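A quick note: this is a predicted structure, and the numbers were derived from the prediction, not measured. Chain naming here is simple, since letters A, B, ... match the order of the sequence lines and numbering starts at 1 in each.
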Number of protein chains: 2
Amino acid sequence: MREAHEARILAAAEDIFAQFGYNGAAIEAIAERAGLSKQNMLYYFPSKEILYHRVLENILDLWLEKMTLLAQSGEDPASMLENYIRGKFEISRAHPNGSKVFANEIINGAPHLRDYLRKNLIPQLEADIALVRGWIDQGLMDPIEPEHLFFTIWAATQTYADFSAQIELALDKDSLDEADFRKAGDFLTHIVLKGTGLKG
Amino acid sequence: MREAHEARILAAAEDIFAQFGYNGAAIEAIAERAGLSKQNMLYYFPSKEILYHRVLENILDLWLEKMTLLAQSGEDPASMLENYIRGKFEISRAHPNGSKVFANEIINGAPHLRDYLRKNLIPQLEADIALVRGWIDQGLMDPIEPEHLFFTIWAATQTYADFSAQIELALDKDSLDEADFRKAGDFLTHIVLKGTGLKG
DNA sequence: GTCTATAAGGGGATAGAC
DNA sequence: GTCTATCCCCTTATAGAC
């Protein structure tokens, strides 16, 4: 019972925070979307701040769990990198609102998130960078700067969630479907693998 | 006099809107940064909404003026595309806060901007896409989907402005300098030109 | 053009009955 | 756990003197 309510509230909060940002989101709007009164929702999440933290946490746990290059199952660099890219697109497709909440937070300087990122994201990134450097040292890959490879992949995959309004406008569609994400994945995979010298 | 005040207010507004979003930005904070009282600022810009519109307008005019592939002076596709990429990086470097205001707006569904983009951005994009299609038809370039090329370039260049908090954390720097932007530009240029078959 | 004062509303949070 | 009622602060915007 409590669990079901919390889940509905968290889902509603993700939507509203994504659309209006932290300050623009009214907790009353979140409660309404979850089918509760504002006061009742405050029984489950005593403050807006606490609710927001929980939403951010959920997204980040999901991301960090799945999104390390090292966790990819491929045998060779090209397929590991492709798996990583496809995986990030899949998260963007499946959780666009979570991505938007995160994006809002980072754009505003990551006031709630700085420490969490330093402790959790950065170490993963360092390990992935070391892996790529190894590939370069072995002559498997062009001598690019691995940091910028990751920044570019993150940006290019998340843009289909975060900037969907602009992309929908450009593609003249009401919403992006799986085919759009597949094409985007095809494109990025193509230029990353070929562009880094890993393939063709 | 009026002009000088308006310019200071607009600059301050860009900073504050970038950091706090539309709703989170207090006009008093903007006024303070501009060195005026809130009431006095309201003499120049009668409402928050009007001020925000002016800030958005300024950014977009700058972007649209400079950022069409067709406007690049290069002779061949590779140098035109490189100029385009370098130009977008330069705007990100020079106007990070403008980029953030724009990003906030798009993430939140572009409520103030939808019509403007449809009228101004989309036609430019269509023309640029047609140009790239021409290169593909002439066999100068791999048969990629031009839309996604542009989405990727936009995302990868703007991320150094919008997500600077994350990137600074990853690079362990207080702020990004020209060298960082140059390296980012080198990387993106390399994988785009090589990845699309335009070079090397 | 700039100031003091204040109206008007929204929204987060609490109190307390049931 | 849910409801009614309410407090209180923050913020936008206006009124009016100088």
Cut-off 3.5 Å, no hydrogens considered: what does the side-chain donor-acceptor table look like for residues 16-33 of chain B, sequence neighbours left out?
residue : atom : partner : partner atom : Å
Y22(B)  : OH   : E49(B)  : OE1          : 2.9
R33(B)  : NH1  : D15(B)  : OD2          : 2.7

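- There is no side-chain donor-acceptor pair under 3.5 Å between T196(A) and D142(A).
- Residues passing the side-chain hydrogen bond (donor to acceptor under 3.5 Å, both in side chains) test with N83(A): none are found, sequence neighbours excluded.
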Its contact letters, B for base, S for sugar-phosphate only and - for none at protein heavy atoms under 4.0 Å, make nucleotides 4-13 of chain D read BB------BB
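- Ion pairing between R86(B) and E82(B) holds under the 4.0 Å rule for side-chain N and carboxylate O.
- Centroid-to-centroid, the aromatic rings of F151(A) and H148(A) come within less than 6.0 Å.
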Any chance you could lay out the ring-ring contact (aromatic ring centres under 6.0 Å, His included) test for Y84(B) and F150(B), step after step, and finish with the verdict?
CA-CA 10 Å; Y84(B) 181 78; F150(B) 286 102; 5.7 Å; yes
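- Sorted pairs that involve residues 59-77 of chain B and meet salt bridge (Lys or Arg N to Asp or Glu O under 4.0 Å), not counting sequence neighbours, are lacking altogether.
- You can see that DNA chain C meets the heavy atoms of chain B within a 4.0 Å-exclusive cut from dG1(C) to dA5(C), reading 5' to 3'.
- Interface residues of residues 6-21 of chain B facing DNA chain C, ordered by number: none; criterion, heavy-atom separation under 4.0 Å.
- A salt bridge links R2(B) with E6(B): at least one charged nitrogen is closer than 4.0 Å to a carboxylate oxygen.
- W63(A) and F102(A) have their aromatic ring centers within a separation under 6.0 angstrom.
- A salt bridge between R133(A) and E147(A) is present, with a side-chain N of the basic residue lying under 4.0 Å from a carboxylate O of the acidic one.
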